[in-house]
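Here it is, the structure in full.
Reminder, nothing fancy here: chain letters follow the sequence lines and each chain counts from 1. Predicted model only: the values in this text are computed from it and were never measured.
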Amino acid sequence: MKSEKEYIDLARGVVERAHAKGALAEAFLVAEESLEVEIRDQEIEALTQAQERGLGLRLIREGRLGFAFTDDFNPASLEELVEEALENSRLTTPDEYNVLPPPSQEYPDIPLWDQEIEAIPVKDKIELAMEIERQARAYDPRVKITESCSYSETRYLVVVNNSLGIEALYRGTQCGASIYLVALEGEEAQTGFGFMYNRYYRNLDPVKIGREGAQRAVRMLGARRISTRRAPVVLDPYVAVSFLEFLAPALSAEAVQKGKSLFRGKVGHQVASPALTLWDDGLIPGGIGSSPFDGEGVPTQRTPLVLKGELQGFLHNTYTAAKEGRSSTGNASRASFKSPPRIGTTNFYLEPGILSPEDIIREINEGLYLTEVMGMHTANPISGDFSLGASGIWIEKGELARPVRGVAIAGNIIEVLKNVDRVGNDLTFYGSTGSPTLRVAGLTISGS
Amino acid sequence: MFFSEDALREILAAALAAGGDFAEIFIERRDITNISCEDNKIEGLITGRDQGAGIRVLKGDKTAYGYTTHLHKETLISLAQEVARVLAPGQARELVLTRPPSPVEFVIKERPDQVEVKRKVDLVLQVNSAARQVDPRVVQVVVGYGDGVQQVTIANSEGVLVEDERLRCRLVIQVIASDGQIIQTAMETIGGHKGWEIFQEVDPLEKACQAARRAVALLTAPPAPAGKMPVIMSGEAGGTMIHEACGHGLEADLVQKQLSVYSGKKGQMVASPLITVIDDPTLPGKYGSYRFDDEGTPAQRTVLIEKGVLKEYLYDYLTARKEGRASTGNGRRESYQYRPIPRMSNTFIAPGEDRPEDILRDTPHGLLVKRMGGGQVNTVTGDFVFEVAEGYLIQGGQLGPLVRGATLTGNGPEVLKIIDRVGNDLGFALGVCGKDGQGVPVGDAQPTIRIPEIIVGGLLPEEGKKQ
């Protein structure tokens, strides 16, 4: 890797060049190094090491946006990049709200860097993955096939520079480990998974990951379909997180302004059960979604979205904020250096309640404990309608009684939010989104 | 050509000397243009370049992989050594590189990178207006145009050297309609391994109107019913079902790891005798078409299931090597950042003999799927879901009212065995298929087929009324 200063200078050089041609300009640069280890049956299956970097240039001229990106940092390519972005700005529609953020007083100091991770030898990381597999196999003899078992890490650096004077940099580490496995009994096979992401290597817990993967598979052995009915449904934190990720786009001010959000015009209204409080918090120390500043150099913050079921507001970037004459919430997000900032969540989570998951299940006479959904990417975030393949465990008289597979659940996300009547105390993050166990009073389950 | 033949040989030789028994380099340059229109505005016009190289070294079943964006010979030699060292010791070897002939030629009439950006912008604006003119309840239109030119050089220690270019265009039209109370959406896509001529072959304005009409019609459509029922999938619905219910389970990596319900079933009846399934990247112009796969193996047509009997799986180099056989030319990767794995290309059920209108007439009740959306499968259990983007009730052998979105959920082997009618039509759809975090362009298709019973994930009648 080049030094931090070299990257800062490189971003500044591109911005200055574009500025000299009469445009407001912003450079977003990422450089990263990564490692991935995949093991299977206690043997290394694959080891990948990589270096990657790239720069996206956004510029504004007479209200028109131009954007271009490259991963080639030769001076000639960077010169071409500026020309391309300028050329692209000729054909876009002018918009007075196309503005860049001014520099901030200061950025929050959030720990994101694991000092130890780089020095830990690769063989220890391989050993961590192997320990996950051993733990899974030891949990139950029916755990027989490893689909994949891996450890991965990334060390990265982000630079934002704009011609209004923002010049900012941060570095971060991320690591993760996972197992996807199969439990067999007779002719039947069931799958399970366990995974964990963290900023710090020492926080990864191979025992927990391995056992969770094994437990998820083994408890599904013997699963059958059930008949079509309406019943209470308990979402485990993993499934609840899938629903939150599906909901997130509707909380973006861009979706609201474009008529694509089901929350449009609902600020101050009760949009969810009073049991639900939803936050976006980019400041959580060590959070996977944390950073000192967002994709355009605006400081991140803690933003209430839903308090006791009442909608508080939306997530903004500089463009959507300018349109409403307010300030950005620091939620400009970039999928990569290859695209201009849109709006995204940071650490996005539901506040935990007081009941344990066991307490929630104990209250149910008949219902479904939902542990996996299929096809969430086909659900419609604009209408809120979803229809998903589902599997889980049937609850009888307050006990997890027998596994269920091959059914479908359908409804609308608003209906789900309004019908949540129990919230667990087990807030769990999967990546940057977190939720406790939730109970939904009733959903249609389509079966045989 | 990014590097001379000598340089490629030098990089591969450096890897082999350091470790492993097979070395490969995949070098890529991709130039893309994306245009987006929303709110009646050209919001984004993005051009960009990605380039990089991936080096793969194998020893037995073990893989070492590395990639970098630095395309300098010295960087690649040291990356090759670093990657291969994981599989040390190696053995120096003389290499001769030869270029296999292309199995098929694709004709591109008008390269997208030769089309003026202004024309692309104009097309996007016209599509936007066409969709908006359909109905005042159209509240938002999102149009996305994209084209990409990917140039690859692939060389390996078996002596293969392939240089290829892949060229794709696509247009995605999403229409959002609202009556003030509810919001509904509809989407249409056009795309292929084709140049700009695709927009003369398929009328983008007509597609825009179709999407708009459907989004508006969905506003007054009742929800789909819930439960088990007969389903006809129209030939124009696309092939998501066959892609999910069967295709993924025939990928050799999953088969070898015992992660597929189709593991160990070659030669067995796995589907109704009416069913023949084919994977064919050599079809000209489809979204999943290619001349060579991402390991430099020439593309080929593979019959996977013939009259219900499982004949073949989809192999890449590594899975083929494990069985001492040849690859089927299905080793694909999203980019230089990924290892190749067995993937589908254009996958379809071969047409049968029934006329589609006869299949409908012979079905007293059920659901007719006119358009499929995305889907997902658990290959281990065979359970799959896919989205119905446009579905109608069947009433007395006739097409009934449009119903709102639902998914169909079933089990691949179970569904394939009970299909009882296969039409003589065939309709292709395009998509981006995800596996192990890698997205690759695919095509899929099927004739009109009837599944006597499958679970529709809709709503019960009493709830349907509430909404």
Side-chain angles (χ1 to χ4, degrees), chain A residues 43-54 65-72 77 84 87-89 91-93 95 145 147-148 182 189-191 225 228 230 258-260 262 338-340 374-375 377-378 380 382-383 385 387-389 391 405-412 444 446-448, chain B residues 38-39 41-52 61-70 82-83 86 117-118 121 139-140 176 178 182-185 226-228 257-259 337 339 373-376 378 380-381 383 385-387 404-407 409 411 455-460 463:
Chain A
E43 297 262 2
I44 300 173
E45 193 173 60
L47 197 140
T48 302
Q49 39 200 328
Q51 309 167 334
E52 195 192 350
R53 58 186 195 181
L65 272 186
F67 190 88
F69 67 85
T70 186
D71 58 13
D72 182 357
S77 297
E84 262 184 44
E87 191 57 40
N88 291 344
S89 73
L91 290 167
T92 56
T93 313
D95 185 332
I145 302 174
E147 189 172 346
S148 69
V182 182
Q190 291 293 344
T191 55
R225 293 205 172 97
T228 302
R230 194 172 164 86
K258 288 177 171 169
K260 295 198 295 187
L262 35 83
K338 296 175 197 173
S339 53
M374 228 200 253
H377 66 293
T378 70
N380 189 330
I382 299 174
S383 68
D385 289 341
S387 173
L388 307 165
S391 50
R405 61 160 261 258
V407 297
I409 54 161
N412 188 282
T444 295
S446 301
S448 49
Chain B
E38 197 168 351
D39 256 356
K41 292 198 298 261
I42 296 291
E43 284 193 334
L45 171 46
I46 298 174
T47 54
R49 175 175 313 145
D50 261 324
Q51 57 179 35
D61 293 349
K62 288 193 175 72
T63 302
Y65 196 76
Y67 63 83
T68 179
T69 48
H70 304 243
E82 203 181 322
V83 167
V86 177
V117 181
K118 178 76 167 55
V121 169
V139 295
Q140 189 59 270
I176 297 133
S178 175
I182 57 168
I183 309 179
Q184 285 295 323
T185 69
K228 216 172 209 179
K257 292 178 181 174
Q258 306 289 314
L259 294 171
Q337 301 189 356
R339 289 185 285 141
Q376 194 180 339
N378 178 331
V380 174
T381 60
D383 287 347
V385 295
F386 65 84
E387 184 193 6
R404 252 159 71 186
T407 51
T409 180
N411 182 272
I455 293 170
V456 179
L459 296 180
L460 290 166
E463 284 171 282

Next on the checklist: Assess whether a salt bridge exists between A:D71 and A:K338, defined as any Lys/Arg side-chain N lying under 4.0 Å from an Asp/Glu carboxylate O.
Outcome noted: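 Looking at A:K338 together with A:D71, the answer is no, because their closest N to O distance does not fall below 4.0 Å.
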Checklist entry - Under the side-chain contact (heavy atoms from CB on, under 4.5 Å) criterion, do A:L47 and B:T63 qualify, and how do the steps go? => result CA-CA 6 Å; A:L47 197 140; B:T63 302; over 6 Å; no
Checklist entry - For chain A, which of B:T381, B:L45, B:V456, B:V385 has the most heavy-atom pairs under 4.5 Å? => result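 Counting heavy-atom pairs under 4.5 Å, the top option is B:L45.
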Checklist entry - Under a 4.5 Å heavy-atom cut-off, does chain A meet the side chain of B:V86, its backbone, both or neither? => result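 For B:V86, side-chain heavy atoms alone lie under 4.5 Å from chain A.
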Next on the checklist: Report which part of A:L388 has an atom under 4.5 Å of a heavy atom belonging to chain B: side chain, backbone, both, or neither.
Outcome noted: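 For A:L388, the backbone is the part near chain B, not the side chain.
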Checklist entry - Taking B:I182, B:T68, B:V139 one by one, which has the highest count of heavy-atom pairs under 4.5 Å against chain A? => result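 Of the options given, most contacts go to B:T68.
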Item to check | chain B contacts, top residue of A:A68, A:G389, A:A408 (heavy-atom pairs, under 4.5 Å) | outcome: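 Max contact count across the listed options: A:A68.
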Item to check | Contacting moiety of B:D39, where chain A heavy atoms sit under 4.5 Å | outcome: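 For B:D39, the side chain is the part near chain A, not the backbone.
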Item to check | Side-chain heavy atoms of A:K258 within contact of A:I382, under 4.5 Å | outcome: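 Heavy-atom side-chain distance check fails, nothing below 4.5 Å.
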Next on the checklist: Heavy-atom pairs under 4.5 Å with chain B: which of A:S339, A:G54, A:A50, A:S383 has the most?
Outcome noted: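 Heavy-atom pairs under 4.5 Å are most numerous for A:A50.
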Next on the checklist: Salt bridge or not between A:E43 and B:K62? Use side-chain N to carboxylate O under 4.0 Å.
Outcome noted: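 So A:E43 pairs with B:K62 through a salt bridge.
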Item to check | Any residue meeting salt bridge (Lys or Arg N to Asp or Glu O under 4.0 Å) with B:R49, in chain and number order, not counting sequence neighbours | outcome: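 Expected list: A:E80, B:D31.
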Next on the checklist: Please classify the contact between B:T47 and chain A as side chain, backbone, both or neither, with a heavy-atom cut-off of under 4.5 Å.
Outcome noted: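 Backbone plus side chain of B:T47, per the 4.5 Å heavy-atom cut-off to chain A.
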Item to check | Note: A:E45-B:K257 ion pair, threshold 4.0 Å (strictly below) | outcome: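 Salt bridge present between A:E45 and B:K257.
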Next on the checklist: I'd like to know which of B:E82, B:Q337, B:Q51, B:Q258 tops the heavy-atom pair count under 4.5 Å against chain A.
Outcome noted: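 Between B:E82, B:Q337, B:Q51, B:Q258, the count favours B:Q51.
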Item to check | Heavy-atom contact with chain B under 4.5 Å, split by part of A:S387 | outcome: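 Both backbone and side chain of A:S387 come within 4.5 Å of chain B.
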Item to check | Verdict with reasoning, B:N378 to B:D383, per side chain to side chain donor-acceptor pair (under 3.5 Å) | outcome: CA-CA 5 Å; B:N378 178 331; B:D383 287 347; over 6 Å; no
Checklist entry - With a 4.5 angstrom heavy-atom cut-off, which part of B:T409 approaches chain A: side chain, backbone, both or neither? => result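 For B:T409, side-chain heavy atoms alone lie under 4.5 Å from chain A.
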Checklist entry - Counting heavy-atom pairs under 4.5 Å to chain B, which of A:S89, A:G259, A:A189, A:S391 comes out on top? => result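 Greatest number of close heavy-atom pairs with chain B: A:A189.
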Item to check | B:Y65: ring pair (Phe, Tyr, Trp, His ring centres under 6.0 Å) partners, not counting sequence neighbours | outcome: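 Partners of B:Y65 by the ring pair (Phe, Tyr, Trp, His ring centres under 6.0 Å) criterion come out as none, since no residue qualifies.
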Checklist entry - Of the backbone (N, CA, C, O) and the side chain (C-beta and beyond), which part of A:I145 lies under 4.5 Å from a heavy atom of chain B, both, or neither? => result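 Contact with chain B is through the side chain of A:I145 alone.
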Item to check | Contact winner vs chain A - B:K228, B:K118, B:K41, heavy-atom pairs under 4.5 Å | outcome: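 Sorted descending by pairs with chain A, the first entry is B:K41.
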Next on the checklist: Counting only non-hydrogen atoms closer than 4.5 Å, does A:I44 touch chain B with its backbone (N, CA, C, O), its side chain (CB onward), both, or neither?
Outcome noted: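 Looking at A:I44, backbone and side chain both touch chain B.
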Checklist entry - So do the side chains of A:Q190 and B:V380 get within less than 4.5 Å of each other, counting heavy atoms only? => result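 A:Q190 vs B:V380: side chains apart.
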Item to check | Contact leader toward chain B among A:T228, A:L262, A:T92, where contacts are heavy-atom pairs under 4.5 Å | outcome: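 Sorted descending by pairs with chain B, the first entry is A:T92.
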Next on the checklist: Can you confirm whether the side chains of A:N380 and B:Q184 place a donor and an acceptor under 3.5 Å from each other?
Outcome noted: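 No pair is found: no donor N or O on one side chain lies under 3.5 Å from an acceptor on the other.
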